[in-house]
Amino acid sequence: MKIPRFLAAARAIPALVALLVTAAGHAEVATVRAEMRVLGAAVQAEATVEAVHQSTLAAQVPGRIVALAVDAGERVRKGQVLVRIDPAEAAAALAAAEAGVVQAETARINAKADYERARSLVARRFLSESALDSARARHQAAEAQLDAARAARAQSQAASAYTTVTSPLDGVVAERHIEHGEMAQPGRSLLTVYDPAQMRAVADLAPERLALLGTPLRQVRVDLGGGRMVDAAAVTVLPAADARTHTVRVRIDLPAGIEGVLPGSFARVDFGAAGGSGTVLIPAAAVLRRGELSAVYVADGEGGFRLRQVRPGRLDQGSGMIEVLSGLEGNETLALDPVQAGIQVRAGSAAR
């Protein structure tokens, strides 16, 4: 008996579906290891990122800016010339100081000659002792004036060197505070330079919140935004509270060499109290939710997976990890994609 074509096609559909499920079941499913971490009475605080090494370069001599070699965002090397100030005024001051030294030396020579002459005349009783005392005083004053002139010359020489501003570190120019051609005055900021290799987050905590965490501070993590959560390299609690805000500043050093972190950017710090209880953490993507039920696919050690119900807890928005309050011990291997793992399980059941 000949089977109609549409009926044959209909009978072939279940076989085709089984074939597709079997093929999908052979796809490799990514796995992840459940983690056991110590979590305590967590305290969250808003923080600001800053550079550990940052310098704001200021002018030390007056003058017009004649060269500005860098702009904000450019990398600089230690010792690199960044700004040049017109040296004309510093050169004039140095010339005046040199002239002052010559004048003081001449005055000292004359005063010394007068003093020696007075001593000779006193010895021959042609001059009184009081006149000798006056000559001695004038000689000593001339010596002091020469010392002052030499100090002024040294100061002018140092000021001449201040017309060239160099970078104190290897880093990046964060901000330029002056334009080419403007007048620089002593104390006016020119450039801000920071080292991006060493950054830290700074948070202010009330003393009572800090007391909840105990000492030393452990399990400190920094949420840098965009899903980036890093462990603190070091934590420093300043030993005094701010008299205005009554808060204690905490510095959290970020891991060395972290990229894409800018000074002044926002961060969130998670503090965990020492001696907390052990909690199982898994990626939130590994949890399969069906209504009020939550489950994960646990590797059975034979290349397959078994569905296990769990009770989830808090979700860490920064890292994407979720607490498991029950259902896991912390040493299981889980399917990172529960949908794909479910297809594999159904394919294995269909094959049997």
Engineer: Should the ring pair Y115 and H139 be called parallel, tilted or perpendicular, given that the plane angle runs from 0 to 90° and is split at 30 and 60?
Structural biologist: parallel

Engineer: When you group the ILVMFWY residues by side-chain heavy-atom contacts below 4.5 Å and let the links chain together, are I85 and V81 in the same group?
Structural biologist: no

Engineer: Under 4.5 Å between side-chain heavy atoms, counting indirect links through other Ile/Leu/Val/Met/Phe/Trp/Tyr residues: same cluster for V49 and V193 or not?
Structural biologist: no

Engineer: Using modelled atom types only, decide if a donor and an acceptor are shared between the side chain of H180 and the backbone of V66 within a distance under 3.5 Å.
Structural biologist: yes

Engineer: When rounded to the nearest 0.5 angstrom, what distance separates CG in L281 from CG in L328?
Structural biologist: 11.0 Å

Engineer: Is any side-chain heavy atom of Q157 less than 4.5 Å from a side-chain heavy atom of L94?
Structural biologist: yes

Engineer: Can you list every salt bridge (Lys or Arg N to Asp or Glu O under 4.0 Å) pair that touches residues 110-129, not counting sequence neighbours?
Structural biologist: D114-R117, E116-R119

Engineer: Do the side chain of R251 and the main chain of V52 share a donor and acceptor less than 3.5 angstrom apart?
Structural biologist: no

Engineer: Any heavy-atom pair between the side chains of Q309 and L293 that's under 4.5 Å?
Structural biologist: yes

Engineer: Output the distance between atom CD (E332) and atom CG (D300), rounded to the nearest 0.5 Å.
Structural biologist: 13.0 Å

Engineer: Are L205 and V222 co-members of a hydrophobic cluster defined by side-chain heavy atoms under 4.5 Å apart?
Structural biologist: yes

Engineer: Calculate, to the nearest 0.5 Å, the distance between atoms CD1 and CD1 belonging to I178 and I65 respectively.
Structural biologist: 4.0 Å

Engineer: Please check if the side chain of D223 supplies one atom and the backbone of M229 the other of a donor-acceptor pair under 3.5 Å.
Structural biologist: no

Engineer: Atom CD of residue position Q80 - does it have more than 12 heavy atoms of other residues, nucleotides or ligands inside 6.0 Å?
Structural biologist: yes

Engineer: Between R221 and D270 (salt bridge meaning N to carboxylate O under 4.0 Å), is one present in this structure?
Structural biologist: no

Engineer: Got more than 12 heavy atoms from elsewhere within 6.0 Å of CD, E182?
Structural biologist: yes

Engineer: Is there a side-chain contact between V29 and L336, using heavy atoms and a 4.5 Å cut-off?
Structural biologist: no

Engineer: Could you check whether atom CZ of R33 has more than 12 heavy atoms from other residues, nucleotides or ligands sitting under 6.0 Å from it?
Structural biologist: yes

Engineer: How many angstroms lie between atom CZ of R228 and atom CD of E259, to the nearest 0.5 angstrom?
Structural biologist: 9.0 Å

